[in-house]
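Throughout, a chain's letter reflects where its sequence line sits, starting with A, and its residues are numbered from 1. These numbers were taken from a predicted model, which means no experiment stands behind them.
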Amino acid sequence: MKYEKFQAPKGVREYLPPESTAFEWVREQLISPARLAGYQLMELPVFEDTNLFSRGVGESTDVVSKEMYTFEDRGGRSITLRPEGTAGVMRAVIEANLDRGQLPVKVWYSGQYFRAERPQAGRYRQFYQVGIEAIGLDDPAIDAEVIAIADRGFKNLGLKKYSLQITSLGDAASRAAHRADLVKYFATLSLDEVTQARAALNPLRLFDDKRPEMIEAMKSAPILLDYLSKEAAENFEKVQSYLKNLGIAFEINPRMVRGLDYYTGTTFEFVHSELGAQSGIGGGGRYDGLMEILGGQPLSGIGFGLGVDRALLAAIAENTVPQSAFTSDLFIIPLGENSRSDALRIAEQLRAAKIRTEIAFGDRALKGAMKAADKSGARYVIVLGDAEISSETVELKRMTDGSTKSVKIAQLANELQRALITD
RNA sequence: GUGGGCGUAGCUCAGCUGGUAGAGCACUCGGUUGUGGUCCGAGAUGUCGCGGGUUCGAGCCCCGUCGCUCACCCCA
């Protein structure tokens with residue numbers, strides 16, 4: 001009787017050895033700048049009350065209207081697997097009253113997110129993001145710092161073929177004035193029903209329409225940047241000057257539209273040129289009303305989410321991933337049943353001394369075990385048989401040149417530590 | 001959700017106009033008794049994604065299904 005095999009659910013991306021090493025590296029490079037800037041970890045649930053997202057992210061977004069993994073739990077609650085990170089962070093900050101303490105609240109997070117889309121290059125149903133949020137202060141210098149942290153993450157990866165686009169969605173007054181004129185402008189166009197519906201939900205979305213005739217039609221549409229209030233315009237100017245001073249290249253893209261409704265003010269996106277259709281490797285922006293909408297104080301915040309999967313694809317495309325598979329310092333080959341126990345004990349002691357140690361398991365011939373040691377990339381090898389155990393001495397073999405040296409087992413840790421430094 | 005391409009050994013793939021499967025790499029063992037990387041030799045492995053149909057006969061044709069992939073859409 002043979003059992004049927006299982007497959008991973010559709011659209012999930014898994015990282016197995018040896019590739020997982022690269023994934024781990026990318027994630028670390030992306031988030032380390034945030035740690036260095038004083039952002040602290042927030043570890044949150046992957047599922048939340050469905051309303052948190054429909055209210056926070058916005059009903060008009062595709063993310064909420066057709067991409068959420070929503071189900072009822074055993075208590076009859078409507079639960080949704082998180083499609084993005086910011087709403088959950090806000091909920092936790094409000095719930096724990098972190099916004100009553102010193103501001104800004106600076107946090108980072110990392111984990112998987114879920115959207116029920118058709119899978120594609122760089123687009124998965126479960127994907128990984130790292131992100132940060134700086135909550136509670138509306139200071140353009142924070143905007144610049146947040147962008148700089150994201151940019152440093154990509155620089156850490158060695159990426160070059162990416163660009164930063166920024167714009168400002170202004171404050172409430174700016175958007176209201178613009179929206180009125182935009183709707184008037186749409187009336188002069190003959191839009192099909194679907195497009196009209198999108199425009200009704202969020203007029204800005206038409207700027208993202210990729211059909212040639214729409215791109216043409218939107219060319220003379222009023223631009224939000226021209227409607228910024230004096231204060232919003234000044235803020236945006238400051239952000240730009242800070243970025244210039246930081247030496248971070250950017251271009252202003254007044255037609256940029258983000259997929260989440262909560263964005264206001266400074267908004268940005270990192271785009272990589274070698275990734276095909278799914279080119280966004282990260283993005284974020286300020287969200288003035290989000291916290292209040294979610295039942296908290298009317299505080300502003302800004303943050304970003306960076307795509308770990310896509311950043312990895314970008315690093316692969318630019319060939320910047322280091323070849324750093326795990327290699328051990330010492331490979332122990334026990335010969336015969338008697339030496340197994342000693343091999344385990346010696347390995348344990350060496351690891352306690354931070355020496356990376358592997359053991360050849362199973363009943364392989366010595367030749368096969370040596371081969372395994374060689375392939376593992378181990379720098380030294382010892383064979384442990386009856387003779388070695390009774391003499392308490394092993395031949396420490398250096399794999400690079402095959403040379404050996406007699407070493408007392410008790411002295412192995414010291415000897416290896418010395419040898420590994422001078423090598 | 002819509003459309004195109006694909007699905008053969010662990011991996012990369014070949015398999016001509018239908019006649020019941022191969023290569024390279026990897027893997028295991030060996031080249032005399034306890035020392036790797038080269039070389040030589042030997043060996044194991046597939047319900048040809050799954051289900052149904054056409055046919056004397058299907059990996060090759062048809063339908064369905066699952067998955068992968070690319071694009072639309074959308075976004076990380």
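When each of A:P9 and A:Q126 is assigned the nucleotide of RNA chain B with its nearest heavy atom, A:P9 is the one assigned upstream, toward the 5' end. Both A:Y128 and A:D401 lie close to RNA chain B; mapped to their nearest nucleotides by heavy-atom distance, the more 5′-ward contact belongs to A:D401.
The side chain of A:R115 has B:rA76 as its nearest neighbour among B:rG67, B:rA76, B:rG36. With distances taken from any side-chain atom of A:K375 to the nucleotides B:rG37, B:rC74, B:rA26, the minimum falls on B:rA26. Of the candidate nucleotides B:rG34, B:rG37, B:rC73, B:rG34 has the atom nearest to the side chain of A:A387. Comparing B:rA76, B:rG36, B:rC72 against the side chain of A:F127 picks out B:rA76 as the nearest. The side chain of A:R118 lies closest to B:rG1, out of B:rG1, B:rG34, B:rC73. Comparing B:rC74, B:rG67, B:rA71 by their nearest atom to the side chain of A:Q120 picks out B:rA71. Across B:rA26, B:rG36, B:rC74, the shortest atom-to-atom separation from the side chain of A:Q278 is found for B:rC74. Comparing atom distances between the A:K367 side chain and each of B:rG30, B:rC73, B:rG31 picks out B:rG31 as nearest. Of the candidates B:rA76, B:rU35, B:rG37, the closest approach to any side-chain atom of A:L366 belongs to B:rU35. For A:P119, the side-chain atoms get nearest to B:rU69 when compared with the rest of B:rU69, B:rU35, B:rC27.
For A:F331 and A:Y380, the ring centers are positioned 6.0 Å apart or more. Here A:H272 and A:Y162 keep their ring centres 6.0 angstrom or further from each other.
For the P atom pair drawn from B:rA23 and B:rA14, the interatomic distance equals 16 Å after rounding to whole Å. If you take atom P in B:rC60 and the same atom in B:rC50, they sit 11 Å apart, rounded to whole Å. Nucleotides B:rA71 and B:rC29 are separated by 49 Å at their C1' atoms, to the nearest Å. With both ends at atom P, the span from B:rG19 to B:rG57 equals 15 Å, rounded to whole Å. Across the P atoms, B:rG5 and B:rG64 are found 14 Å apart, a figure rounded to whole Å. Going from the C1' atom of B:rG49 to that of B:rA26 covers 23 Å, rounded to whole Å. A gap of 13 Å separates the C1' atoms of B:rC48 and B:rC13, to the nearest Å. Between B:rG51 and B:rC27, the two C1' atoms lie 33 Å apart (nearest whole Å).
Residues from residues 154-167 of chain A with heavy atoms under 4.0 angstrom of RNA chain B: there are none.
Summarising the geometry, the separation between CG on A:L30 and P on B:rA76 is reported as 15 Å, rounded to the nearest angstrom. Between A:R27 atom CZ and B:rA76 atom P the separation is 19 Å, expressed in whole Å. Distance NZ (A:K10) to P (B:rC68): 6 Å, rounded to an integer number of Å. In this structure, CD of A:Q112 is placed 17 Å from P of B:rA76, rounded to the nearest angstrom. Between the OH atom of A:Y124 and the P atom of B:rC74 there is a distance of 20 Å, given to the nearest Å. The distance between atom CZ of A:R125 and atom P of B:rG67, rounded to the nearest whole Å, is 8 Å. Rounded to whole Å, atom P of B:rC74 lies 15 Å from atom CZ of A:F207.
Between the side chain of A:R286 and the backbone N or O of A:S300, no donor-acceptor pair lies under 3.5 Å. A donor-acceptor distance shorter than 3.5 angstrom exists from the side chain of A:E318 to the backbone of A:K161, with no hydrogens or angles considered. Remark: the backbone N or O of A:Y128 is paired with a side-chain donor or acceptor of A:D309 at under 3.5 angstrom.
In summary, A:R175 and A:D171 do not engage in a salt bridge, as defined by a charged side-chain N under 4.0 Å from a carboxylate O. The residues A:K371 and A:D374 are annotated as not salt-bridged, no charged nitrogen and carboxylate oxygen being separated by less than 4.0 angstrom. Salt-bridge formation is detected for the pair A:E48/A:R91: a Lys NZ or Arg NE/NH1/NH2 atom is positioned less than 4.0 Å from an Asp or Glu carboxylate oxygen.
Contacts of A:A373 with the nucleic acid, taken as non-hydrogen atoms under 4.0 Å apart, are absent. Residue-level contact check: A:G11 touches the backbone only, with heavy atoms under 4.0 Å from sugar-phosphate atoms and none from bases. A:E388 comes within 4.0 angstrom of a nucleotide base, judged by non-hydrogen atoms across all strands. A:E395 comes within contact range of no nucleotide atom at all, as no heavy-atom separation falls under 4.0 Å. Among the protein residues, A:G402 comes within range of the nucleic acid bases, having at least one heavy atom under 4.0 Å from a base atom.
Taking a pair to require two hydrogen-bonding distances under 3.5 Å in either a Watson-Crick or a G-U wobble arrangement, B:rU17 remains unpaired. Across all strands shown, B:rU65 forms a Watson-Crick or G-U wobble pair, both distances under 3.5 Å, with B:rG49. With both pairing distances under 3.5 Å, B:rA23 is matched to B:rU12 as a Watson-Crick or G-U wobble pair. Remark: B:rU2 base-pairs with B:rA71. Criterion, Watson-Crick or G-U wobble with two distances under 3.5 Å. Of all nucleotides present, only B:rU28 satisfies the Watson-Crick or G-U wobble test against B:rA42, with each distance under 3.5 Å.
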**Request:** Go through A:Y124 and A:E14 one step at a time and tell me if the side-chain hydrogen bond (donor to acceptor under 3.5 Å, both in side chains) criterion holds.
**Result:** CA-CA 10 Å; A:Y124 311 110; A:E14 301 180 292; over 6 Å; no

**Message:** I'd like to know whether A:E388 forms a side-chain hydrogen bond (donor to acceptor under 3.5 Å, both in side chains) with A:T393, so could you lay out the CA-CA distance, the side-chain angles of the two residues, the decisive distance to 0.1 Å, and finally the verdict.
**Reply:** CA-CA 5 Å; A:E388 284 78 9; A:T393 306; over 6 Å; no

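The base of B:rG37 is not paired with the side chain of A:D374 by any donor and acceptor separated by under 3.5 Å. With hydrogens and angles left out, the side chain of A:R123 and the base of B:rC70 share no donor-acceptor pair within 3.5 Å.
With A:E415 as reference, A:R418 is the one residue of A:Q417, A:Q411, A:R418 to meet the side-chain hydrogen bond (donor to acceptor under 3.5 Å, both in side chains) rule.
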